[in-house]
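This report concerns only the one structure given below.
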Amino acid sequence: RTGAPAAPAPVVAAARPEPTPAASSAEPASPLVAARLCLATGDNACAVRALEGRARTPQEWRLLISTYHAMQNSAQERRAMETFTTRFPSDPATQAYRQALARP
């Protein structure tokens with residue numbers, strides 16, 4: 001023993017920035033993640049920007065459709081439902097979208 005005990009190593013926590021789509025230069029893992037981050041702050045337009053032209057999965061398309069609905073953008077909502085029913089004919093939401101599209 002050489003006298004005083006060794007001091008414990010300092011603990012340094014790495015700061016993790018909050019994930020905000022507008023402030024982040026890195027792309028989120030998926031359009032769905034980006035859209036959910038936008039919606040968590042109540043920003044529907046941001047969610048649409050995250051999903052438009054990038055939605056690939058049924059879940060992403062359903063979120064885009066529901067966001068258009070929330071924004072009362074019925075023309076875009078209808079177009080997205082038409083695309084959805086063509087791309088995902090066996091998805092459980094397809095029947096409801098077809099019924100909605102049948103209404104004037």
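Quick note: numbers below take in every heavy atom, side chains included, and nothing from hydrogens, waters or symmetry partners.
Arg54 contributes a side-chain N or O that, together with a main-chain N or O of Arg49, makes up a donor-acceptor pair within less than 3.5 Å. Listed for the Thr94 side chain is no donor-acceptor partner under 3.5 Å among the backbone atoms of Ser90.
The hydrophobic cluster containing Leu51 does not contain Val33, counting ILVMFWY residues as joined when their side-chain heavy atoms lie under 4.5 angstrom apart, directly or transitively. Residues Tyr97 and Met71 are members of one and the same hydrophobic cluster, defined by side-chain heavy-atom contacts under 4.5 angstrom among Ile, Leu, Val, Met, Phe, Trp and Tyr. Connection of Leu37 to Leu63 is not established within any shared hydrophobic cluster, with ILVMFWY side chains joined at heavy-atom distances below 4.5 Å, either directly or through further cluster members.
The OG1 atom of Thr67 lies 5.0 Å from the CG atom of Leu39; values are rounded to the nearest 0.5 Å. Separation of atoms CG (Asp91) and CZ (Arg62) is listed at 4.5 Å; rounding is to 0.5 Å.
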For residues 77-87, please give each side-chain donor-acceptor pair under 3.5 Å, one per line with the distance, not counting sequence neighbours.
residue : atom : partner : partner atom : Å
Glu77   : OE1  : His69   : ND1          : 3.4
Glu77   : OE2  : His69   : ND1          : 3.0
Arg78   : NH1  : Ala100  : O            : 3.4
Arg78   : NH1  : Arg103  : O            : 3.4
Arg78   : NH2  : Leu101  : O            : 2.8
Arg79   : NE   : Gln76   : OE1          : 2.8
Arg79   : NH2  : Gln76   : OE1          : 2.5
Thr83   : OG1  : Arg79   : O            : 3.1
Thr85   : OG1  : Met81   : O            : 3.3
Thr85   : OG1  : Glu82   : O            : 3.0
Thr86   : OG1  : Glu82   : O            : 3.1

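Glu60 is listed as a side-chain neighbour of Ser30, based on a closest heavy-atom distance under 4.5 Å.
For Cys46 against Asp43, the heavy-atom pair with the smallest separation is N-OD1, 3.0 Å. The two atoms that bring Ala35 and Ala50 nearest to each other are N-CB, 3.8 Å, heavy atoms only.
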